Amino acid sequence: MQTFTAMRAFIAQCPKTIALVTVTAAGLFGVQKWMAGGVCRSKASLEGKTVLITGGNTGIGKETAVDLAKRGARVILACRDMDRANKAAEEVKKRSGNDNVIVKKLDLASLQSVRQLAKDVLASEGRLDVLINNAGRCVMSCPKWQTEDGFEMQFGVNHLGHFLLTNCLLDLLKKSASSRIVTVSSLAHQRGQIYFDDIHQEKDYRPRKSYAQSKLANVLFTRELAKKLQGTGVTTYSLHPGIIRTELGRHFWPTMPLWKRVVYTPLMFLIKSPTEGAQTTIYCAVEESLQNESGLYYSDCAPKTAAPQGLDDEAAKKLWDLSASMVGLI
């Protein structure tokens with residue numbers, strides 16, 4: 001009773017403070033919910049279907065794996081770090097109640113590793129219903145590194161590795177039709193362009209410029225792939241998952257001025273969690289209404305218009321031919 005009386009007295013003495021705190025809290029809650037974006041409402045079952053997710057051991061890849069495993073899918077986590085992948089697989093099994101989760105080795109910075117994984121999958125799997133090219137999000141704004149094959153790291157991992165993997169698995173995807181290919185791109189594609197005369201950016205390497213090029217390449221790849229797959233029963237989608245609390249910023253966060261990190265840190269709770277960030281990937285993988293759509297770009301579980309450079313069919317074809325030559329497909 002004394003506590004209740006004290007609370008009433010405090011409210012009576014500080015009505016403006018109480019109102020300000022209440023409005024601020026409500027506003028922050030509203031902003032957080034808005035930032036969380038769309039939610040995949042589909043109840044589609046994936047019983048009897050097989051899904052392969054690259055980089056499914058952390059972040060939105062792992063959350064996607066949990067959701068699709070809950071739907072009954074056989075889930076293959078294709079990852080570089082096998083220790084982390086095995087731990088993630090155990091977590092996915094526990095959270096989903098589905099023990100049909102396996103791990104396979106994949107290093108997207110090595111064309112040999114990509115081919116070996118594809119060979120393994122073709123030999124061991126009777127079907128592949130959904131391929132989710134997710135792992136490229138793990139390489140963002142890194143220093144000027146090269147892949148095993150001498151490609152600029154971000155373009156090599158985010159685009160070329162997935163380009164080769166997808167092409168190597170196309171026959172199995174066609175055999176399993178209707179099937180889907182989902183490629184995780186980024187809003188960063190809006191500030192990207194494809195530097196055909198300096199694809200590895202040896203003349204002017206800037207981490208964010210390179211990342212934007214690789215994410216634009218994801219959008220253009222999806223667009224051209226949809227044309228090549230017309231009539232096969234295989235559909236393809238690219239997407240922006242949102243700004244998410246993951247390990248993605250590990251390369252550029254330490255390079256930011258201290259004052260920016262101080263300002264941005266309190267705002268971190270407003271951005272998407274990995275579960276929220278996985279929703280558009282899941283949507284593109286299972287939403288029934290997308291069965292006859294292909295080549296489009298999505299965000300917050302809805303179709304969005306890609307940047308003008310992401311709609312350039314001539315650039316998409318030119319990039320496809322260049323990529324095929326670089327990975328040895330022609």
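Reckoned from all heavy atoms, side chains included, excluding hydrogens, waters and symmetry mates. Every value quoted in this text rests on a predicted model; they were computed, and no experiment measured them. For the single chain, residues carry numbers from 1 onward in sequence order.
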- prompt: How are the rings of Phe221 and Trp320 set to each other: parallel, tilted or perpendicular (split at 30° and 60°)?
  reply: parallel
query: Does the side chain of Ser178 come within less than 4.5 Å of Gln291's, by heavy atoms?
result: yes
message: Angle between ring planes, Phe151 versus His200, binned at 30° and 60°: parallel, tilted or perpendicular?
response: parallel
query: Has Glu288 got more than 12 heavy atoms of other residues, nucleotides or ligands less than 6.0 Å from its CD?
result: yes
field: Min side-chain heavy-atom separation Gln309-Ile194 under 4.5 Å
entry: no
task: Might you work through the side chain to side chain donor-acceptor pair (under 3.5 Å) test for Thr64 and Asn134, ending with a clear yes or no?
output: CA-CA 10 Å; Thr64 300; Asn134 164 82; 5.7 Å; no
- request: Check the pair Glu47 / Ser45 against side chain to side chain donor-acceptor pair (under 3.5 Å), numbers first and verdict last.
  value: CA-CA 6 Å; Glu47 290 286 345; Ser45 170; 4.9 Å; no
message: Could you check whether atom NZ of Lys105 has more than 12 heavy atoms from other residues, nucleotides or ligands sitting under 6.0 Å from it?
response: yes
message: Is the positively charged end of Lys203 above the ring of Tyr195, judged by distance under 6.0 angstrom from the centroid and angle within 45° of the axis?
response: no
- request: May I ask you to establish whether Lys304 and Tyr298 are in a cation-pi arrangement, using a distance under 6.0 Å from NZ or CZ to the six-membered ring centre and at most 45° from the ring axis?
  value: no
message: Are the side chains of Glu91 and Lys62 in contact, using a 4.5 Å heavy-atom criterion?
response: yes
- request: Could you give me the CA-CA distance, side-chain angles and deciding distance for Lys318 and Asp312, then say whether salt bridge (charged side-chain N to carboxylate O under 4.0 Å, His left out) is met?
  value: CA-CA 10 Å; Lys318 186 175 180 180; Asp312 188 335; over 6 Å; no
message: For Asp67, is there an ion pair with Arg71 - N to carboxylate O distance below 4.0 angstrom?
response: yes
- line: Of all heavy-atom pairs linking Ser214 and Gln154, the shortest is CB-O, 3.6 Å
- request: Report yes if the side chains of Leu52 and Ile132 come closer than 4.5 Å at any heavy-atom pair, otherwise no.
  value: no
Derivation and outcome, side chain to side chain donor-acceptor pair (under 3.5 Å), residues His162 and Thr54: CA-CA 9 Å; His162 283 130; Thr54 67; 2.9 Å; yes
task: Return the minimal non-hydrogen interatomic distance between Ala109 and Met153, and the atom names on each side.
output: CB-SD, 4.0 Å
query: Taking all atoms of both residues into account, what is the closest heavy-atom pair of Gly56 and Ala88, and its distance?
result: O-CB, 4.3 Å
Any Thr166 side-chain heavy atom under 4.5 Å of Leu170 side chain: yes
message: I want to check something: taking the side chain as every heavy atom from C-beta on, are Asp129 and Arg180 in contact at a cut-off of under 4.5 Å?
response: no
- request: State whether the side chain of Arg191 and the backbone N or O of Ala212 hold a donor-acceptor pair below 3.5 Å, judged by distance alone.
  value: no
field: Qualifying side-chain hydrogen bond (donor to acceptor under 3.5 Å, both in side chains) pairs, either residue in residues 216-230, two or more places apart
entry: Lys215-Asn218, Arg223-Asp313, Lys227-Asp313
query: Tyr237 side chain to Thr281 main-chain N or O, any donor-acceptor pair under 3.5 Å?
result: no
field: Side chain proximity check, Glu125 to Lys104, heavy atoms < 4.5 angstrom
entry: yes
message: Testing Lys93, Lys94, Glu90 one by one against Asp99 for a side chain to side chain contact (heavy atoms under 4.5 Å, CB included), which residue passes?
response: Lys93
- line: Between Leu173 and Ser179, the two heavy atoms sitting closest are O-OG, 2.7 Å
message: Closer than 3.5 angstrom, by distance alone: can the side chain of Asn98 be matched with the main-chain N or O of Lys70 as a donor-acceptor pair?
response: no
message: Check Asp321 with Lys317, please: is the shortest side-chain N to carboxylate O separation under 4.0 Å?
response: yes
Within-4.5 Å side-chain heavy-atom neighbours: Thr235 and Leu290: no
field: Where Arg127 and Thr50 come nearest, the two heavy atoms and their spacing
entry: O-CB, 3.6 Å
message: Ignoring hydrogens, what is the shortest heavy-atom contact between Thr280 and Ser299? Give both atom names and the distance.
response: OG1-C, 3.9 Å
